Amino acid sequence: KWRFLEHKGPVFAAPYEAMPDRVKFYYDGKPMKLKAPAEEVATFFAKMLDHEYTTKDIFRKNFFKDWRKEMTSEEKSKLTDLNKCDFGEMSEYFKAQSEARKQMSKGEKQKNKEENERLLQEYGFCVMDNHKERIGNFRIEPPGLFRGRGDHPKMGMLKRRIRPEDIIINCSKDSKQPKAPPGTKWKELRHDNKVTWLASWTENIQGSIKYIMLNPSSRIKGEKDWQKYETARRLKKCVDRLRTQYREDWKSKEMRIRQRAVALYFIDKLALRAGNEKEEGETADTVGCCSLRVEHVKLYPKMDDQEYVVEFDFLGKDSIRYYNKIPVEKRVFKNLQLFLENKQPEDDLFDRLNTSILNKHLQELMDGLTAKVFRTYNASITLQQQLKELASDDSLPAKVLSYNRANRAVAILCNHQRAPPKTFEKSMQNLQTKIDEKQNQLSAARKQLRGAKAEHKASHDDKSKKTVEVKRKAVQRIEEQLMKLQVQATDREENKQIALGTSKLNYLDPRISVAWCKKWVVPIEKIYNKTQREKFAWAIDMAERDYEF
DNA sequence: CTGGAGACTTGGCCCCACCTTG
DNA sequence: CAAGGTGGGGCCAAGTCTCCAG
């Protein structure tokens, strides 16, 4: 992956600062001074007091169990009931602190900013093969309470503090080796150029490994990204063949082949994720295609005016709900009925299939093909098709709206949802007020224009002619402003529950967007912000106006 | 085939610096 | 100048997929 790699190692979380003595913790109504280890963990809970998490049974149970591990034997014997713990003063203290931070003077804020900048300059970059590259996450995650997503069995557990002794450093032999902080040493120093990470440690909640890697703007990430889209483009060339193939396989004598073919149909048509198996009880109960259970699908031979409708209802990645009703081909429907026979709701829909079998099959159909390539392919091809339908004479804001709509179509396909922003209603209202005002302005300006025209008709002099021109310009300007506002409102409304970022960043071949910008003379800044332009620098460089995905 | 380790991509949420507005 | 709103970016969890041992 590289020949030379030099960096300064990670930045560790700030050490724990004890509570001032005046800030008390109470047990059963009586003040109690905790030793630092238990106190630190208590502050994690105090900081989250306002969050719904802390009311959940599992969260409280997990927290209390892990908290007790940090207590002295004396503390342990005293503190036996979380309900008798009062973190109120601690919580108030942190709120006051954050308030104070907000109230800091300009100078102090500036000083903080400079300090951050210094840290970034010193630790935020590395040298990889003659290039200075930005590191993605050079700060080690601070200790705290684990918050899973959805119904996570481990929520509330203590995420322990990471020390230099936990860190494996990866760099090249001939580089200046990063120094561990004074009085400490690294767990290991290794020189493995078959991997891209600079440092790693094992996290204590799931026992998984975490990495420090380069920023998306780096050469190594960019090339990988490019490769990903090239694989998707190769799929484009053979997707017809594959579709014919899996339709044929719906008729197979073998159950495993039929299941494989129906699953692939879903992955292709609905852009479902592969769906690896997960260890039960270790994570939230979520599924993807191969791990769908009987309880997640319902079959309707007839629904309204449609035939063979399948209703999906399950929690996918990040416990985001996937809900969809779609008509399928008769043969798929019959197969599904067959798969469901004699099964319980909690049984696997595809009992003869998993991601490894599926991916092995895909690999045989096309080099480098895996389930997720279908998501990339379908996302990108959808964007390209949608953009082709754009009319050419639209104004710039209208063009951008069309782009966002195309982006939105992809986000819907990939089920990229978000919670409506807390400020949504309010900000919609504000926008509407602005639109109303602009409309009033417009009628006033039009009235003035009419007046000026009448004047000109009567006098026919140069001065009145000029006035007409000025008024006409004013009307035009206000019309444009109004249109812009209306477009903005439409865009925002349609975007209420849809997250565009994920597809833009991970699924849409950026060359399609770059080409579209060139073709319709839209400045690239209208589509990509600074970070995105950095990440997609390779594509901005590469794609001409006639690029075809 | 199974299970686990490891590496890397994908994903939603939240905070805060920055900008606009009153 | 304070208040309010927002986009960008950081955060870190949660997926995918490969590889390897047994």
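Excluded from the calculations below are hydrogen atoms, water molecules and symmetry mates; all remaining heavy atoms, backbone and side chain alike, are included. Throughout, a chain's letter reflects where its sequence line sits, starting with A, and its residues are numbered from 1. Values in this document were obtained by computation on a predicted structure and should not be read as measured data.
The aromatic rings of Y403(A) and W516(A) lie tilted to each other, with the angle between the two planes from 30° to 60°. F266(A) and F312(A) have perpendicular rings, their planes meeting at more than 60° on a 0 to 90° scale where under 30° would count as parallel. In this structure, F536(A) and W538(A) have perpendicular ring planes: the angle between them is above 60°, well past the 30° mark. A tilted orientation is assigned to the rings of F45(A) and F87(A), their planes being inclined by 30° to 60°.
P216(A) comes within 4.0 angstrom of no nucleic acid atom, judged by non-hydrogen atoms across all strands. R256(A) comes within contact range of no nucleotide atom at all, as no heavy-atom separation falls under 4.0 Å. Nucleic acid contact for K154(A): none, since no nucleic acid atom lies under 4.0 Å from a heavy atom of the residue. When heavy atoms are screened at a 4.0 angstrom cut-off, K535(A) is found touching no nucleic acid atom at all. Among the protein residues, A419(A) comes within range of the sugar-phosphate backbone only, with heavy atoms under 4.0 Å from sugar or phosphate atoms but none that close to a base. Residue-level contact check: S208(A) touches neither bases nor backbone, having no heavy atom under 4.0 Å from any strand. I320(A) comes within 4.0 angstrom of the backbone, heavy atoms only, and of no base.
Contact check on K228(A) versus E223(A) returns no salt bridge, with no Lys/Arg side-chain nitrogen under 4.0 Å from an Asp/Glu carboxylate oxygen. Residues K187(A) and D166(A) are not paired through a salt bridge, judged by the lack of any N-O separation under 4.0 Å between the basic side chain and the carboxylate. One finds a salt bridge joining D509(A) and R511(A) here, because a Lys/Arg side-chain nitrogen approaches an Asp/Glu carboxylate oxygen to under 4.0 Å. Ion pairing between E534(A) and K530(A) holds under the 4.0 Å rule for side-chain N and carboxylate O. A salt bridge is defined here as a Lys NZ or Arg NE, NH1 or NH2 lying under 4.0 Å from an Asp or Glu carboxylate O, and E282(A) with K154(A) meets this definition.
The side chain of K1(A) places an N or O atom within less than 4.0 Å of a non-bridging phosphate oxygen (OP1 or OP2) of dC8(B). Under 4.0 angstrom from either OP1 or OP2 of dG12(B) there lies at least one side-chain N or O belonging to T502(A). Considering only side-chain N and O atoms, H152(A) lies under 4.0 angstrom from the phosphate OP1 or OP2 of dA14(C). For K194(A) and dG6(B), the shortest distance from a side-chain N or O to OP1 or OP2 is not below 4.0 Å. For dA13(C), the OP1/OP2 oxygens have a side-chain nitrogen or oxygen of K210(A) closer than 4.0 Å. The shortest distance between the side-chain N/O atoms of K278(A) and the OP1/OP2 oxygens of dG15(C) is below 4.0 Å. Phosphate proximity of dC18(B) to K113(A): present, with a side-chain N or O under 4.0 Å from OP1 or OP2. For R375(A) and dG11(B), the shortest distance from a side-chain N or O to OP1 or OP2 is below 4.0 Å.
For the atom pair SG of C126(A) and NZ of K8(A), the computed distance is 13.0 Å after rounding to the nearest 0.5 Å.
The CZ-C1' distance, from R533(A) to dG8(C), rounds to 12 Å in whole Å. In this structure, the CG atom of N415(A) is 14 Å from the C1' atom of dG15(C), given to the nearest Å. One atom, CG of D192(A), and another, P of dA5(B), lie 18 Å apart when rounded to the nearest Å. One can place CG of L505(A) at 12 Å from P of dG12(B), the figure rounded to the nearest angstrom. Between the CD atom of Q206(A) and the P atom of dA5(B) there is a distance of 12 Å, given to the nearest Å. Remark: P of dG15(C) and CG of L315(A) are 10 Å apart, rounded to the nearest angstrom. Going from atom CG of N506(A) over to atom C1' of dT10(B) covers 5 Å, rounded to whole Å. In this structure, NE2 of H416(A) is placed 15 Å from C1' of dC13(B), rounded to the nearest angstrom.
If you check the side chains of Q259(A) and D351(A), you find a donor sitting under 3.5 Å from an acceptor.
Summary of the strand contacts: N529(A) and G136(A) both lie near DNA chain C, and taking for each the nucleotide with the nearest heavy atom, the more 5' one is attributed to N529(A). Between E279(A) and D318(A), the residue anchored nearer the 5' end of DNA chain B, judged by the nucleotide with its closest heavy atom, is E279(A). Each of R139(A) and R149(A) lies near DNA chain C, and the nucleotide nearest R139(A) is the one positioned closer to the 5' end.
Of the candidates dG6(B), dT9(B), dA14(C), dG6(B) carries the atom nearest the Y211(A) side chain, counting heavy atoms from C-beta on. Candidate nucleotides dT9(B), dC12(C), dG15(C) were compared by shortest atom distance to the side chain of K224(A), and dT9(B) ranks first.
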Review item, nucleotides 16-22 of chain C N/O atoms under 3.5 Å of protein N/O:
| from | atom 1 | to | atom 2 | distance (Å) |
| --- | --- | --- | --- | --- |
| dT16(C) | OP1 | A274(A) | N | 3.3 |
| dT16(C) | OP1 | G275(A) | N | 2.7 |
| dT16(C) | OP2 | N276(A) | N | 3.0 |
| dT16(C) | OP2 | N276(A) | ND2 | 3.0 |
| dC17(C) | OP1 | T370(A) | OG1 | 2.8 |
| dC17(C) | OP1 | A371(A) | N | 3.2 |
| dC17(C) | OP1 | K372(A) | N | 2.7 |
| dC17(C) | OP2 | N359(A) | ND2 | 3.1 |

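For the ring pair (Phe, Tyr, Trp, His ring centres under 6.0 Å) test, residues two or more places apart in sequence or in another chain that qualify with Y211(A) are W197(A).
Non-hydrogen atoms lying under 4.0 Å from DNA chain B are contributed by nothing in residues 51-63 of chain A.
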